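Taking it in order: structure first as structure tokens, then the write-up.
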Amino acid sequence: LYCDRTLQVDLNDLIGRCETFIQYCQQYFYCKVSCYIGKKNAIEHTKLGYETLLKMEYDNITKSHAVHLHQPKREEPNHFPAVDLSEWTTLIEQGDETNLRERIHQSLTVLKFAGGNQEALLIYYHSVLQTIYSVLHRRGKYVQEVFTEGGILDSSSVPKTISQMEDWAIKVVEVVMRYVKTAEDSIVHQVKVYINTHLDERIERMELAELVHLNPAYLSRLFKKETGTSLSEYILSEKMKLTKQLLRNTNKPISEIAQIAGYSNLSYFSKTFKKMFNVSPMSYRKDIN
């Protein structure tokens with residue numbers, strides 16, 4: 001749309017017509033549109049005027065369903081606050097949906113009031129993608145394996161406004177959080193099953209990490225978070241439970257039971273057993289017979 005900005009009456013009339021058109025679109029076509037009004041141009045500059053209006057629409061990431069006037073301004077480099085999503089990884093892994101929603105809203109609010117344009121919004125979009133790629137990569141997963149819902153990561157449908165970006169970011173991180181929670185429950189269960197079927201062997205943290213394709217340090221943190229106890233404490237507890245069962249239900253020598261539980265030193269086994277159950281293996285066997 002074009003008008004002579006020097007004719008204020010005509011401009012006001014044009015704005016009114018645009019506002020009516022926007023209302024009719026919503027009322028009769030159930031859609032939201034915006035109108036962009038440029039300046040009057042000579043016929044040879046029509047293409048430039050058209051491209052200017054397209055650029056206005058492209059960079060409009062904050063206000064839709066409205067009339068926008070072309071405001072000539074000096075071209076200056078865009079300087080927007082850096083997008084810092086460093087806390088997101090931890091919040092996703094902790095399943096902290098409330099704080100994560102707040103971070104998303106705050107970061108986009110900052111972008112909005114800094115005068116962010118479509119380029120800044122695109123940078124934000126890729127920063128979010130990089131964050132979820134990082135979370136999934138640590139678990140040996142490809143993003144396509146988690147996002148089976150078509151379109152959510154389609155590069156051809158990148159959110160065009162602040163509001164759309166907020167909705168999209170929340171949806172994406174919630175999908176990742178649900179996956180992480182399910183995957184972590186499965187990992188801890190898998191580790192527990194392995195431990196309980198190999199109590200008569202020496203069980204190393206590296207061995208368990210290789211089993212579930214995780215970094216040993218990360219596996220330890222994950223196991224502690226999910227169970228409230230460390231890997232080493234859990235292994236020791238399960239081994240000691242096994243020895244109690246063998247002491248109670250078999251006539252095997254205590255030295256053999258210690259060997260079955262992975263203790264080659266009988267004295268160390270007896271000391272560990274007494275520390276955990278406040279009774280020596282020999283006394284425990286006597287008491288139950």
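Only heavy atoms go into these numbers, but all of them, side chains included; no hydrogens, no water, no symmetry mates. Since the model is a prediction, treat every value here as computed from it, not as a measurement.
Ser270 places a side-chain N or O within donor-acceptor distance of the main-chain N or O of Leu266, the cut-off being under 3.5 Å. Between the side chain of Lys274 and the backbone N or O of Thr272 there is no donor-acceptor pair closer than 3.5 Å. In this structure a side-chain-to-backbone donor-acceptor pair under 3.5 Å is missing from Ser237 to Glu233. Panel note: side chain Lys225, backbone Glu93; a donor-acceptor pair is recorded below 3.5 Å.
In plain terms, the two heavy atoms of Leu222 and Leu214 that are nearest each other are CD2-CD1, 4.1 Å. Residue Ser34 comes nearest to Ile22 through the heavy atom pair CA-CD1, 4.5 Å, listed as atom of the first residue, atom of the second, then distance.
Here Asp167 does not pair with Lys171 in a salt bridge; the nearest charged N to carboxylate O distance is not below 4.0 Å. At a threshold of 4.0 Å, the pair Glu201-Lys239 does not count as salt-bridged, since none of the basic side-chain nitrogens sits closer than that to a carboxylate oxygen. Arg101 has a carboxylate O that lies under 4.0 Å from a charged side-chain N of Glu174, or vice versa, which qualifies the two as a salt bridge.
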* From CA spacing to verdict: side chain to side chain contact (heavy atoms under 4.5 Å, CB included), Arg248, Tyr284 -> CA-CA 8 Å; Arg248 182 172 61 249; Tyr284 177 77; 2.9 Å; yes
* side chain to side chain contact (heavy atoms under 4.5 Å, CB included) between Leu208 and Phe223, intermediate numbers included -> CA-CA 11 Å; Leu208 295 172; Phe223 194 90; over 6 Å; no
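In this structure, Ile15 and Leu69 have side chains that are in contact, with non-hydrogen atoms separated by less than 4.5 Å. A 4.5 Å side-chain heavy-atom check between Ile257 and Arg285 finds at least one atom pair inside the cut-off.
Aromatic ring orientation, Tyr124 versus Trp88: perpendicular (interplanar angle above 60°, classes split at 30° and 60°).
Within a 6.0 Å sphere centred on NZ of Lys32, other residues, nucleotides and ligands contribute 12 heavy atoms or fewer. Residue Asn265 places its CG atom among more than 12 non-hydrogen atoms of other residues, nucleotides or ligands, all under 6.0 Å distant. Within a 6.0 Å sphere centred on NZ of Lys252, other residues, nucleotides and ligands contribute 12 heavy atoms or fewer. A 6.0 Å sphere centred on CZ of Phe21 holds no more than 12 heavy atoms belonging to other residues, nucleotides or ligands.
Annotation: the span from Asp200 atom CG to Gln259 atom CD amounts to 11.5 Å, rounded to 0.5 Å. Taking CD1 of Ile235 as the start and CD1 of Ile195 as the end, the distance is 4.5 Å to the nearest 0.5 Å.
In this model, a donor atom of one side chain and an acceptor atom of the other lie less than 3.5 Å apart for Ser232 and Ser230.
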For residues 187-194, which side-chain N or O atoms pair as donor and acceptor with protein atoms under 3.5 Å away, sequence neighbours left out?
{"unit_1": "Tyr194", "atom_1": "OH", "unit_2": "Glu207", "atom_2": "OE2", "d": "2.2"}

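Considering Pro281, Ser280, Ser283 in turn, Pro281 is the only one that fulfils the side-chain contact (heavy atoms from CB on, under 4.5 Å) rule with Phe273.
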